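Worth saying up front: this structure is predicted, and the values here are computed from it rather than measured. For reference, positions follow the sequence shown, starting with 1.
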Amino acid sequence: MDQPCRLTDPETWIALIFAAKAAKGGVIRRSISWVDREVGRDRFMLEVRRRGFHLLMAGDQFVIVCDPRPVQILF
């Protein structure tokens with residue numbers, strides 16, 4: 001199996017994702033396969049946790065709630 005090809009430097013990719021307007025209290029959604037290819041799941045999860053945000057998996061997407069306050073899933 002071929003290794004997936006990264007399109008950007010991992011540090012640059014992370015900086016771009018968390019510099020987005022949505023990262024200021026909003027929600028960011030990214031394809032899990034894209035995250036795996038660009039920075040790796042462990043590195044990505046570390047960055048989300050380091051910022052105090054919440055990370056959800058929904059289908060083939062990661063959803064980041066960019067707010068450190070508690071999250072409640074209603075249904």
Side-chain angles (χ1 to χ4, degrees):
M1 178 182 250
D2 293 330
Q3 277 293 86
C5 179
R6 286 189 169 146
L7 302 178
T8 4
D9 168 64
E11 297 306 316
T12 302
W13 189 89
I14 287 169
L16 288 170
I17 293 299
F18 291 106
K21 187 175 182 180
K24 314 296 186 272
V27 174
I28 297 172
R29 180 181 54 85
R30 290 293 178 270
S31 161
I32 292 172
S33 62
W34 190 36
V35 169
D36 288 344
R37 181 183 67 240
E38 294 297 322
V39 295
R41 198 172 299 198
D42 291 340
R43 177 74 172 94
F44 180 71
M45 291 172 79
L46 178 71
E47 283 301 317
V48 173
R49 180 173 283 143
R50 189 176 73 77
R51 288 169 167 76
F53 296 160
H54 305 280
L55 182 62
L56 309 169
M57 286 178 69
D60 66 345
Q61 300 284 307
F62 278 130
V63 179
I64 309 160
V65 179
C66 301
D67 190 324
R69 294 177 291 184
V71 171
Q72 182 179 17
I73 298 176
L74 300 177
F75 58 92

> Could you state the interatomic distance from CZ (R51) to CZ (F18), rounded to the nearest 0.5 Å?
Replying inline: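 CZ of F18 is found 4.5 Å from CZ of R51.
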Do [X] and [Y] share a hydrophobic cluster, counting only Ile, Leu, Val, Met, Phe, Trp and Tyr and linking them when any side-chain heavy atoms are less than 4.5 Å apart?
X: I32; Y: L55; answer: yes
X: V27; Y: V48; answer: no
X: I17; Y: M57; answer: yes
X: L46; Y: V39; answer: no

> Heavy atoms, side chains only, cut-off 4.5 Å: are V35 and W13 in contact?
Replying inline: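 Of all side-chain heavy-atom pairs linking W13 with V35, at least one is under 4.5 Å.
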> Any side-chain heavy-atom pair from K24 and C66 closer than 4.5 angstrom?
Replying inline: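 Answer no - side chains too far apart.
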> Does the ring of F62 carry R29 above it, NZ/CZ under 6.0 angstrom from centre and within 45° of its axis?
Replying inline: no
> Distance-only, no hydrogens or angles: does the H54 side chain make a donor-acceptor pair with backbone N or O of R69 under 3.5 Å?
Replying inline: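 Between the backbone of R69 and the side chain of H54 there is a qualifying donor-acceptor contact (under 3.5 Å).
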> Could R43 and E11 be called an ion pair, given the rule that one side-chain N must be under 4.0 Å from one carboxylate O?
Replying inline: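 So R43 pairs with E11 through a salt bridge.
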> What's the verdict on side-chain contact (heavy atoms from CB on, under 4.5 Å) for R41 and F44, showing C-alpha distance, side-chain angles and the deciding distance?
Replying inline: CA-CA 5 Å; R41 198 172 299 198; F44 180 71; 5.7 Å; no
> In this structure, which one of I28, I64, V65, V71 forms a side chain to side chain contact (heavy atoms under 4.5 Å, CB included) with F53?
Replying inline: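 When I28, I64, V65, V71 are each tested with F53, the side chain to side chain contact (heavy atoms under 4.5 Å, CB included) holds only for I64.
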